[in-house]
Amino acid sequence: MNYLTEALAWIADPANQSGPNGILARLAEHLLYTLIATGGAALLAIPIGYAIGHTGRGSGLVVGATGAARALPTLGVLTLIALLAGIGIGAPLIALGVLAAPSILAGAYSGVQAVEPSTVDAARAIGMSEWQVLWRVEIPLGLPQLIGGLRSAVLQVMATATLVAYVGGGGLGRFLFLGLKTQDYPQMLAASLLVVALAVVCEGLFEVSVRVSLARKAARSRSPQLIGG
Amino acid sequence: MNWLTNNLPAIWTALMAHLALSLPPIAASFLISLPLGWAAQRYRWLRFPLVTGLSLIYAIPSLPLLIVLPLILGTTVRSPVNVVVALTFYGIALMVRSVADALDAVPRDAVTSATAMGYSPLRQFFAVELPLAGPGLLAGLRVVAVSTMALVTVSAVLGVHSLGALFTDGFQRGIIAEVVTGIVGTVALALLVDRALVAIGWVSMPWLRVRSAQSETGGSA
């Protein structure tokens with residue numbers, strides 16, 4: 001437990017908090033990596049997922065991508081892309097994006113896929129075009145699955161972003177690998193605790209926002225009944 | 001290709017180390033999840049803490065967990081025990097939900113029939129519920145197995161030997177072939193274990209074979 005107090009003291013030390021190599025700067029880097037990688041992956045994966053879900057063609061790609069993503073070792077993808085693309089922050093960001101894409105793809109796809117066929121038929125029957133069906137029926141109804149996919153992508157990227165420091169980038173992993181190199185266990189522990197805390201806080205935020213939106217949805221669907229009854 | 005042929009013994013050692021680190025957590029998480037999933041399915045109030053609570057473990061990034069865990073275990077960061085325990089936690093996080101869901105899917109009629117026939121709760125579980133939940137359990141176990149095999153490699157940055165060592169070594173020495181070998185080896189080994197689990201399911205649940213054969217002939221007719 002001595003290590004734990006040392007680690008907490010390391011985090012609490014103002015000298016470690018600010019400055020270009022401080023906790024706050026590394027935390028900002030960590031969040032920025034997560035945002036860029038997940039955002040980039042989403043820009044690519046969401047349209048593809050919607051196209052597959054709407055047309056029903058190419059669903060094998062989704063199944064294959066999610067299956068492969070589970071088996072792919074993140075460290076391997078990261079080191080391979082770093083070797084291929086060279087030093088710099090571009091390579092790790094691409095690797096993080098590659099790791100984020102399958103769950104976003106699956107989320108977008110399954111959201112559209114899970115919409116009742118009769119609902120889609122009804123939308124067509126009242127004269128909606130295919131674009132309107134997608135935009136006004138399938139996408140809104142499929143939002144929970146998409147958010148679920150984004151959530152696991154963010155968590156996965158945030159966890160893997162710790163490894164970015166291994167291939168020369170920044171982020172909270174910097175402290176971890178610095179501690180590893182200098183055999184400074186308290187510093188490694190401090191960095192680990194920060195990453196774990198970040199992951200838990202993000203998971204909590206997602207959970208709360210999902211619950212709030214569900215509660216709102218329930219309230220909305222209840223009110224017409226009240227008026228009608 | 002040259003690198004590959006020159007380093008076959010080293011790759012073989014890494015492969016064996018990889019299996020030694022990943023098979024125990026796969027088996028352990030399955031055995032530990034059975035009673036936990038059973039309890040979550042049997043007692044409603046336990047479901048949320050067990051299923052949702054344990055799945056939170058999955059949100060903990062693996063490398064930090066490998067560093068924090070020795071505090072509790074009293075091992076070193078590089079200890080294989082540390083890696084096995086961490087991977088077992090991740091396995092449980094995924095598997096308890098699968099066990100509870102698989103037991104949910106067992107037809108109630110079968111369970112009530114067993115009760116009516118005077119089966120003790122223990123016998124009812126092992127003779128009726130467990131076999132009928134088999135397909136769901138197998139599906140969950142396959143997910144655990146594949147993700148465990150991939151997760152093992154992270155421990156390489158701490159100096160634990162596995163196929164992940166090919167990533168760290170290949171990266172430091174700039175050998176692309178080595179990293180590619182590591183990725184292909186990890187995925188191939190995961191697929192192999194996955195196939196083995198399917199084969200175990202095929203042997204241990206013969207009634208599924210009859211059903212799938214029937215549906216196949218039914219489909220072609």
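Convention: sequence-line order gives letters A, B, ...; per-chain numbering from 1.
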### Task
Given side-chain contact (heavy atoms from CB on, under 4.5 Å), test A:Leu75 with B:Phe171 step by step and report yes or no.
CA-CA 10 Å; A:Leu75 182 66; B:Phe171 176 72; over 6 Å; no
Taking atom [atom1] of [X] as the centre, does the number of heavy atoms from other residues, nucleotides or ligands within less than 6.0 Å exceed 12?
X: B:Gln172; atom1: CD; value: yes
X: B:Phe89; atom1: CZ; value: no
X: B:Arg108; atom1: CZ; value: yes

#### Entry: Segment of B:Leu56 engaging chain A (4.5 angstrom heavy-atom cut-off)
side chain
### Message
Heavy-atom cut-off 4.5 Å, strictly under: side chain, backbone, both or neither for B:Val143 against chain A?
### Response
both
### Query
Just wondering, do A:Pro73 and B:Val187 contact through their side chains at under 4.5 Å, heavy atoms?
yes
### Query
Below 4.5 Å, heavy atoms only, C-beta onward: do B:Leu63 and A:Tyr166 meet side chain to side chain?
no
Could you report the tightest heavy-atom contact between [X] and [Y], atom names first, then the distance?
X: B:Pro61; Y: A:Val195; value: CG-CG1, 3.5 Å
X: A:Val196; Y: B:Pro64; value: CG2-CB, 3.8 Å
X: B:Gly174; Y: A:Leu83; value: CA-CD2, 3.8 Å

Taking atom [atom1] of [X] and atom [atom2] of [Y], what is their separation to the nearest 0.5 Å?
X: A:Glu203; Y: B:Tyr58; atom1: CD; atom2: OH; value: 12.5 Å
X: A:Ser192; Y: B:Leu71; atom1: OG; atom2: CG; value: 9.5 Å
X: A:Arg70; Y: B:Arg142; atom1: CZ; atom2: CZ; value: 9.5 Å

### Task
For the pair A:Tyr185 (side chain) and B:Ile67 (backbone), establish whether a donor and an acceptor sit closer than 3.5 Å, ignoring hydrogens and angles.
yes
Interface residue of largest heavy-atom contact number with chain A, from [options], under 4.5 Å:
options: B:Ile60, B:Val180, B:Ile176; answer: B:Ile176
options: B:Val157, B:Val154, B:Leu163, B:Val68; answer: B:Val157
options: B:Ala190, B:Ala156, B:Ala59; answer: B:Ala59
options: B:Leu151, B:Leu65, B:Thr168; answer: B:Thr168

Given a strict heavy-atom distance threshold of 4.5 Å, which part of [X] is in contact with chain B: side chain, backbone, both, or neither?
X: A:Leu80; result: both
X: A:Leu198; result: neither
X: A:Leu176; result: side chain

### Query
Any idea which of A:Ala71, A:Gly67, A:Ala159, A:Ser152 has the most non-hydrogen atom pairs under 4.5 angstrom with chain B?
A:Ala71
### Criterion side-chain contact (heavy atoms from CB on, under 4.5 Å) on B:Leu158 and A:Met188, from CA distance to verdict
CA-CA 11 Å; B:Leu158 300 173; A:Met188 283 170 80; 4.1 Å; yes
